[in-house]
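One structure is given here, and the rest of the page talks about it.
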Amino acid sequence: MDNVVIIKIEGIEYEFKLKSSSILYLEKKLGKNIFEAFQNPDFTVMVNLFYACASQSCKDKYHNEADLFDALLEEY
């Protein structure tokens, strides 16, 4: 599968993939065009990017970006 990353958190595999729906989520959340956002990839952009790319099962467990990012930091 192209453009997919599988990450294990607490023994559960999560799929991360940048899709058009992820891009729309990012643009809405960040209030700017995706290309503008990537010109300055600060912490907020990266946290939102991880969440936007997360599989639905991951979003069901981690209800916001901060929870997911905390889990990633603990694991890695």
Side-chain angles (χ1 to χ4, degrees):
M1 291 165 41
D2 289 346
N3 202 23
V4 175
V5 175
I6 306 291
I7 294 179
K8 239 183 199 179
I9 305 172
E10 298 175 5
I12 300 170
E13 286 187 353
Y14 294 104
E15 177 181 305
F16 292 84
K17 181 175 185 171
L18 185 59
K19 307 181 284 192
S20 56
S21 60
S22 302
I23 292 169
L24 292 173
Y25 172 87
L26 282 170
E27 289 182 341
K28 182 178 179 186
K29 188 80 175 175
L30 299 171
K32 58 179 81 172
N33 179 287
I34 189 72
F35 296 109
E36 292 175 304
F38 285 127
Q39 287 179 0
N40 181 18
D42 63 11
F43 183 75
T44 302
V45 172
M46 298 313 294
V47 170
N48 283 291
L49 176 62
F50 275 120
Y51 195 76
C53 294
S55 62
Q56 190 59 49
S57 61
C58 189
K59 290 178 183 176
D60 289 343
K61 182 170 182 181
Y62 302 101
H63 298 290
N64 64 52
E65 296 88 343
D67 291 342
L68 174 58
F69 201 76
D70 287 346
L72 288 167
L73 287 176
E74 284 177 24
E75 188 69 27
Y76 297 101

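For the pair Glu65 and Lys29, the tightest heavy-atom approach, listed with the atom from each and the gap, is OE2-CE, 3.0 Å. In terms of heavy atoms, Phe16 sits closest to Cys58 at CZ-SG, 4.3 Å. For the residue pair Lys59 and Ala52, the shortest heavy atom distance occurs at NZ-O, 3.6 Å. Nearest heavy atoms, Glu27 versus Ile34: OE2-N, 3.0 Å.
With contacts defined as side-chain heavy-atom distances shorter than 4.5 Å, the pair Leu49/Val47 does not qualify. Taking the side chain as every heavy atom from C-beta outward, Asp42 and Met46 never approach each other to under 4.5 Å.
Screening Asp67, Asp70, Leu72 against Tyr62 for a side chain to side chain contact (heavy atoms under 4.5 Å, CB included) leaves a single residue, Asp67.
Separation of atoms CD1 (Ile7) and CD (Glu15) is listed at 11.0 Å; rounding is to 0.5 Å. The structure places CG of Leu18 at 4.5 Å from CD1 of Ile23, a figure rounded to the nearest 0.5 Å.
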- Yes or no on side-chain contact (heavy atoms from CB on, under 4.5 Å) for Tyr14 and Lys61, after CA distance, side-chain angles and deciding distance? CA-CA 10 Å; Tyr14 294 104; Lys61 182 170 182 181; 3.0 Å; yes
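Between Phe43 and Phe69, the ring-plane angle classifies as perpendicular under the 30° and 60° cut-offs.
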